[in-house]
Amino acid sequence: MRILLTGHKGYIGAVAGPILQSAGHEVVGMDSDLFAGCDFGQAPPQIPEIQKDIRDLSKADLQGFNAVVHLAALSNDPLGDLDPEITYDINHKASVRLAELAKSAGVVRFVFSSSCSTYGAAGDAIHDETAPLNPVTPYGDSKVLVERDISRLADGNFSPTHMRNATAYGASPRLRLDIVLNDLVAWALTTGRVYIKSDGTPWRPIIHIRDITAAILAVLEAPKEAIHNEIFNVGRAEENYRISELAQIVTETVPGCRVEYAPDGGPDKRCYRINCGKIYRLLPSFHPQWTARKGAQELFEAYKAVGLSFSDIESGRYTRITQIRKLIKDGRLDSSLHWTHSGKTFPTKASVPAFPTKNST
């Protein structure tokens with residue numbers, strides 16, 4: 001299958017691209033590379049790419065693909081709050097337009113990376129895919145809108161699938177420290193403190209980025225009737241944790257650390273648990289391999305191997321909102337988050353080899 005992978009230079013995409021390739025798929029990436037230079041450890045293998053902002057794609061960019069795996073987005077709640085209008089422009093409008101272009105170009109499958117942030121302020125209840133949605137941020141709301149609008153495009157020739165991922169974790173060449181388990185382990189290693197920025201009570205389902213990729217592969221390889229216009233919670237029922245429980249796992253992983261709460265850490269409105277039975281029922285080839293404890297150990301070892309320091313945390317290079325603000329301040333990004341002439345410029349389209357592969361489901 002020939003796949004366009006948007007966001008291939010992001011946190012998940014940098015891991016997903018090589019895995020999709022190793023599974024036998026022909027992968028072309030698409031990314032504006034907002035986080036160039038924010039690398040962690042060894043660089044991933046390069047793949048053919050279209051070097052464009054998602055808002056600037058044309059139908060010609062989508063020609064010849066069997067599937068789109070859409071990861072590109074302003075990727076978390078704080079970044080989404082930077083400018084809600086831009087969040088909706090990129091995460092919602094550009095995503096729907098991408099799906100429309102893909103459908104018109106003859107792409108058969110469209111895998112959308114949604115989020116369990118759609119459940120938002122859900123309390124202690126365990127939510128399956130039929131549960132009411134209650135997003136509390138522009139990021140979460142944008143995911144709800146994309147699911148709604150892309151689902152309307154589904155027909156006999158176009159099969160979208162919506163993947164509501166649990167909170168991601170795990171080592172990546174484009175590391176993020178603005179997600180909970182990655183952040184807790186980083187603070188534990190570099191300061192001896194497992195630093196909790198809320199009161200520790202909110203629930204979070206979590207999933208390793210390699211298991212997210214495994215779920216994507218399962219969708220791509222499943223029969224059409226199993227994935228056509230379906231929504232899947234992507235996670236494991238036993239991997240729903242309170243933040244305080246994740247902190248305890250980190251103290252048992254990183255020697256000599258202790259839990260500490262931020263003095264102004266109050267309740268976090270984002271609180272949700274998920275039921276994941278549907279994905280196991282409809283996609284029996286999906287077998288997640290990671291747990292919070294195994295992931296914390298992986299992160300601890302990866303951070304030690306690279307020599308992660310507290311100055312790396314303070315620099316913000318692994319925190320998306322901080323890096324974006326720095327690029328704007330330096331005049332490299334404009335107010336709409338496009339590269340300026342003094343920032344990073346791209347050709348209109350990179351050289352991408354043609355793969356005349358017949359579309360298939």
Side-chain angles (χ1 to χ4, degrees), residues 11 35 38 40 74-82 84 87 115-124 134-141 165-172 175-209 235 239-254 256-274 292-293 295-296 298-300 302-303 308-326:
Y11 172 59
F35 306 103
C38 300
F40 177 82
L74 296 183
S75 57
N76 64 358
D77 293 313
L79 190 52
D81 290 334
L82 178 68
T87 297
S115 170
C116 286
S117 288
T118 54
Y119 299 119
D124 292 337
N134 188 25
V136 295
T137 63
Y139 171 78
D141 190 45
N165 298 319
T167 299
Y169 68 89
S172 166
L175 182 69
R176 285 177 55 188
L177 294 181
D178 48 14
I179 43 183
V180 59
L181 189 59
N182 292 11
D183 180 54
L184 293 177
V185 177
W187 274 78
L189 174 65
T190 61
T191 71
R193 297 179 294 159
V194 185
Y195 195 61
I196 300 179
K197 298 167 186 174
S198 70
D199 64 1
T201 61
W203 287 99
R204 286 288 188 283
I206 66 171
I207 185 170
H208 197 283
I209 52 178
E239 292 291 293
N240 287 292
Y241 295 97
R242 292 191 187 275
I243 302 299
S244 59
E245 293 173 335
L246 290 173
Q248 181 59 38
I249 289 173
V250 175
T251 65
E252 295 165 7
T253 303
V254 181
C257 64
R258 68 186 188 282
V259 174
E260 182 176 318
Y261 288 84
D264 57 348
D268 187 336
K269 290 189 294 184
R270 297 169 299 164
C271 179
Y272 42 87
R273 292 194 287 172
I274 60 170
R293 194 170 298 276
E298 178 210 34
L299 289 163
F300 176 48
Y303 294 165
L308 186 77
S309 67
F310 188 63
S311 63
D312 291 322
I313 299 176
E314 289 185 308
S315 73
R317 65 193 303 236
Y318 302 129
T319 303
R320 296 304 190 236
I321 183 66
T322 305
Q323 180 66 12
I324 289 291
R325 284 177 170 157
K326 182 178 186 299

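Index from 1, following the sequence.
- Not a single side chain to side chain donor-acceptor pair (under 3.5 Å) links Glu314 to another residue, sequence neighbours left out.
- Listed by chain and number, the residues in a side chain to side chain contact (heavy atoms under 4.5 Å, CB included) with Ala168 are Tyr11, Ile209, Ile212 (sequence neighbours excluded).
- Residues in residues 177-196 take part in these salt bridge (charged side-chain N to carboxylate O under 4.0 Å, His left out) pairs, two or more places apart or across chains: Arg176-Asp178, Asp183-Lys197, Arg193-Glu260.
- Applying the side chain to side chain contact (heavy atoms under 4.5 Å, CB included) test to Ala166 and every residue at least two apart in sequence or in another chain returns Pro205, Ile207, Ile274.
- The minimum heavy-atom distance between Arg320 and Leu175, with the atom names listed, is NH1-O, 3.4 Å.
- Closest heavy-atom contact between Val136 and Arg270: CG2-CG, 3.6 Å.
- Side-chain atoms of Val185 and Thr253, non-hydrogen and from C-beta on, never get closer than 4.5 Å to each other.
- With sequence neighbours excluded, no residue forms a salt bridge (Lys or Arg N to Asp or Glu O under 4.0 Å) with Arg325.
- No side-chain heavy atom of Thr251 sits under 4.5 Å from any side-chain heavy atom of Arg258.
- Looking at heavy atoms from C-beta onward, Leu82 lies out of side-chain contact with Thr87 at the 4.5 angstrom threshold.
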Worked check of side-chain contact (heavy atoms from CB on, under 4.5 Å) between Asp199 and Tyr261: CA-CA 7 Å; Asp199 64 1; Tyr261 288 84; 5.5 Å; no
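- Counting all heavy atoms, side chain and backbone alike, Leu177 lies closest to Ala186 at CD2-CB, 3.9 Å.
- To the nearest 0.5 Å, atom OH of residue Tyr318 and atom CD of residue Gln323 are 10.5 Å apart.
- The side chain to side chain donor-acceptor pair (under 3.5 Å) test applied to Asp141 returns Tyr88, not counting sequence neighbours.
- In terms of heavy atoms, Ala247 sits closest to Val259 at CB-CG2, 4.1 Å.
- Every residue two or more places apart in sequence or in another chain that forms a salt bridge (Lys or Arg N to Asp or Glu O under 4.0 Å) with Arg204 is listed here: Asp268.
- Within the 4.5 Å cutoff, the side chain of Glu252 has heavy atoms near those of the Arg293 side chain.
- Scanning both residues, Ile249 and Ala296, for their nearest heavy atoms gives CG2-CB, 4.3 Å.
- Every residue meeting the side chain to side chain contact (heavy atoms under 4.5 Å, CB included) condition with Thr322, not counting sequence neighbours, appears here in chain and number order: Thr319.
- Nearest heavy atoms, Ile196 versus Leu184: CG1-CD2, 4.4 Å.
- Under the side chain to side chain contact (heavy atoms under 4.5 Å, CB included) criterion, Glu239 pairs with Tyr169, Ile206, Arg236, Tyr241, Thr291, Ala292, not counting sequence neighbours.
- Scanning for side chain to side chain donor-acceptor pair (under 3.5 Å) contacts around Ser115 gives Ser117, with sequence neighbours left out.
- The shortest distance between side-chain heavy atoms of Thr167 and Tyr272 falls below 4.5 Å.
- Atom OH of Tyr303 and atom CG of Asn182 lie 4.0 Å apart (nearest 0.5 Å).
- Asp312 and Ser309 are linked by a side-chain donor-acceptor pair at a separation below 3.5 angstrom, with hydrogens and angles left out of the test.
- At a threshold of 4.5 Å between non-hydrogen side-chain atoms, the residues Trp187 and Phe310 count as touching.
- Looking only at side-chain heavy atoms (C-beta outward), Leu74 and Tyr139 stay at 4.5 Å or farther from each other.
- No side-chain donor-acceptor contact under 3.5 Å links Asn134 to the backbone of Ala122.
- Using a 4.5 Å heavy-atom cutoff, the side chains of Leu246 and Val194 are not in contact.
- Separation of atoms CZ (Phe40) and CZ (Arg317) is listed at 9.5 Å; rounding is to 0.5 Å.
- Scanning for side chain to side chain donor-acceptor pair (under 3.5 Å) contacts around Glu245 gives an empty result, with sequence neighbours left out.
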